[in-house]
There are 2 protein chains.
Amino acid sequence: MQLFNSLSQIINISTELEKALTSFISKKSFKKNEFLLRADEYCNSLYFVEKGSLRGFYFHEEKEITNWFALEGDFGTSFYPFISKTRSYENIQALEDVEVSVLNNTELKKLYSDFPETEKLGRIILEDYYSKLEERLINIQFKSAKERYSNLMENRPQIIQRVPLGHLASYLGITQETLSRIRAGN
Amino acid sequence: MQLFNSLSQIINISTELEKALTSFISKKSFKKNEFLLRADEYCNSLYFVEKGSLRGFYFHEEKEITNWFALEGDFGTSFYPFISKTRSYENIQALEDVEVSVLNNTELKKLYSDFPETEKLGRIILEDYYSKLEERLINIQFKSAKERYSNLMENRPQIIQRVPLGHLASYLGITQETLSRIRAGN
DNA sequence: CGCCGAGTTGAACTGAATCAAGAAACGTGG
DNA sequence: CCACGTTTCTTGATTCAGTTCAACTCGGCG
């Protein structure tokens, strides 16, 4: 599992912990366009993308707004509902055929109490989400559409290759037409 | 302390816990315009406003951008740096003469381990920050300047009364001129 | 082959920024 | 308590990035 690789870069994984993880984590597969979570459901699962890609999105005035993308090695969940046990406002969907490792909420709690070192993990994931959210806010508030696009280009070029234009546009907070023009180089 | 009042609405405060809290929490006062935290410092303190008001802000291209306001009964800190122990990019400043209850990071940790029920507290504060951030993102992305202002008007009318226009404008992500026009009713 | 979703292109429109003055309010010291 | 300077707020004219609406192209797939 690629997940172990990723985790071991954050914390040291003892054989004990590895055993626990193996028993807690399940693997699932989803076909392209399948939903892992629908709005209004409770989000109990933290997904880790082993292969393929996911996106989180919600509807705003009939239009889909993509909130995040998760490629191989990324975590993906409806973050706030996951930690607060409120209903999700967002959907999680497979962008391509995808394999994920799944850790659910109750088991994560167990991990925390049995292996305190995993709390660091939770903190790191949280920080990740929070700082990405902040970054997006700053981006949308201060950067032009063009700058936002080139930022994405720099930081996550694979996304641009693998994701349809419309999703990219809504993620960047612009219309598809504008993104198309940017791409054309004005 | 108003803090106890607020806390007891979230979790049950045993006499034990109350004792611990009393010993951990200190009170401080700051004069109008004084800084509680400056950018580039580490943020070790979680503030709870007993009286007066605070704001968090940072600089972007020479201009101050206000990130949040905290009035009586609100928590205020540079959230992400507080939990992740990175340097703060934001400043915290007293908007008026202010009295705060201060809980610092190490003591919060101690609370967590000695009184597990306080973890709920941490979660609630986190949720609060996170969901407010998300709300702001959605606001800026989809609402017009006017709508954002009336939202604020509805949700936190006292802020509008107590905060100078320029700070409000940057908080709403618009220029002072635009806000002035909105206020005038076009 | 023809259709359908995804992407492109064009023209007109618009919300808010910018630049530039003024007016009003504020507080500090004489 | 007034006078002065500074900060805060308002108003006007102009400009511009990005939206909207509409039509058109292209590639793939049933």
Side-chain angles (χ1 to χ4, degrees), chain A residues 31-34 53 55 57 59-66 69 93-97 136-153 157 159-186, chain B residues 31-35 52-53 55 57 59-66 69 91 93-97 136-153 157-186:
Chain A
K31 289 268 162 215
K32 179 171 176 170
N33 293 331
E34 252 190 283
S53 54
R55 68 169 182 137
F57 73 98
F59 282 89
H60 182 265
E61 291 175 359
E62 258 93 284
K63 282 182 202 150
E64 296 184 1
I65 308 298
T66 295
F69 300 105
Q93 189 186 30
L95 278 173
E96 310 164 302
D97 291 359
R136 277 187 74 201
L137 182 64
I138 289 176
N139 257 326
I140 290 204
Q141 198 161 5
F142 301 115
K143 313 275 184 181
S144 69
K146 202 170 185 172
E147 287 174 302
R148 278 178 262 160
Y149 180 71
S150 12
N151 272 2
L152 189 62
M153 200 100 167
I159 289 186
I160 292 173
Q161 263 114 58
R162 289 164 63 179
V163 171
L165 196 75
H167 297 165
L168 276 181
S170 76
Y171 176 74
L172 292 171
I174 54 182
T175 59
Q176 175 162 326
E177 292 93 322
T178 301
L179 183 50
S180 178
R181 282 182 248 268
I182 287 171
R183 216 183 219 177
N186 275 348
Chain B
K31 288 267 162 217
K32 179 171 178 172
N33 294 331
E34 254 190 282
F35 283 76
S53 53
R55 68 169 181 139
F57 73 97
F59 282 90
H60 182 264
E61 292 175 358
E62 257 92 289
K63 281 181 200 147
E64 296 184 1
I65 310 297
T66 295
F69 300 103
N91 308 270
Q93 189 186 29
L95 278 172
E96 310 164 302
D97 291 357
R136 277 188 73 203
L137 183 64
I138 289 176
N139 258 327
I140 290 205
Q141 197 161 5
F142 301 116
K143 313 275 185 183
S144 68
K146 203 170 184 171
E147 285 175 303
R148 278 177 264 160
Y149 180 71
S150 12
N151 272 2
L152 187 64
M153 201 101 169
Q158 324 99 301
I159 289 188
I160 292 172
Q161 262 114 61
R162 288 163 64 177
V163 171
L165 198 75
H167 296 166
L168 276 181
S170 75
Y171 176 75
L172 292 171
I174 55 182
T175 59
Q176 175 162 322
E177 291 94 321
T178 300
L179 183 51
S180 178
R181 280 182 248 268
I182 288 171
R183 216 184 221 178
N186 273 347

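Chain identifiers are assigned alphabetically (A, B, ...) following the order of the sequence lines, protein sequences preceding nucleic acid strands; residue numbering begins at 1 within each chain. Keep in mind that this is a model prediction, so the values were computed, not measured.
Between the NZ atom of K32(A) and the C1' atom of dG5(C) there is a distance of 12 Å, rounded to whole Å. Rounded to a whole Å, the CD1 atom of I182(A) is 16 Å from the P atom of dG10(C). Rounding to whole angstrom units, CD1 of residue I140(B) and P of dA16(C) are separated by 12 Å. Summarising the geometry, the separation between CG on L172(B) and P on dA16(C) is reported as 11 Å, rounded to the nearest angstrom. Look at CD on Q176(A): it is 16 Å from C1' on dG10(C), rounded to the nearest Å. Remark: C1' of dT10(D) and CG of L168(B) are 15 Å apart, rounded to the nearest angstrom. When rounded to the nearest whole Å, the span between OH of Y149(A) and P of dA17(D) equals 19 Å. Atom-to-atom, CZ of R183(A) to C1' of dC26(D) comes out at 14 Å; the value is rounded to the nearest Å.
Nearest to the side-chain atoms of T175(A) among the listed nucleotides dG7(C), dA16(C), dT19(D) stands dT19(D). Of all nucleotides listed (dG18(D), dA16(C), dC9(D)), dA16(C) comes nearest to the side chain of R148(B).
Put simply, S180(B) has no side-chain N or O that comes within less than 4.0 Å of OP1 or OP2 on dC9(D).
Note that the CD1 atom of I160(A) and the CE atom of M153(A) stand 5.0 Å from one another [nearest 0.5 Å].
Taking 3.5 Å as the limit, the base of dC9(D) and the side chain of E177(B) contain no donor-acceptor pair of atoms between them. Side chain R181(B) to base dT18(C): a donor-acceptor pair is found below 3.5 Å.
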Item to check | Stepwise side-chain contact (heavy atoms from CB on, under 4.5 Å) check, I159(B) with Y171(B) | outcome: CA-CA 11 Å; I159(B) 289 188; Y171(B) 176 75; 5.8 Å; no
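Between H60(A) and F142(B), the ring planes lie parallel to each other; the angle is under 30°, not in the 30° to 60° tilted range.
Remark: R162(B) fails to qualify as a cation-pi partner of F69(B) under the 6.0 Å distance and 45° angle criteria applied to the six-membered ring.
E96(B) has no carboxylate O lying under 4.0 Å from a charged side-chain N of R55(B), or vice versa, which leaves the two without a salt bridge.
Within the nucleic acid shown, S144(A) comes within 4.0 Å of sugar-phosphate atoms alone, with no base atom in reach, counting heavy atoms only.
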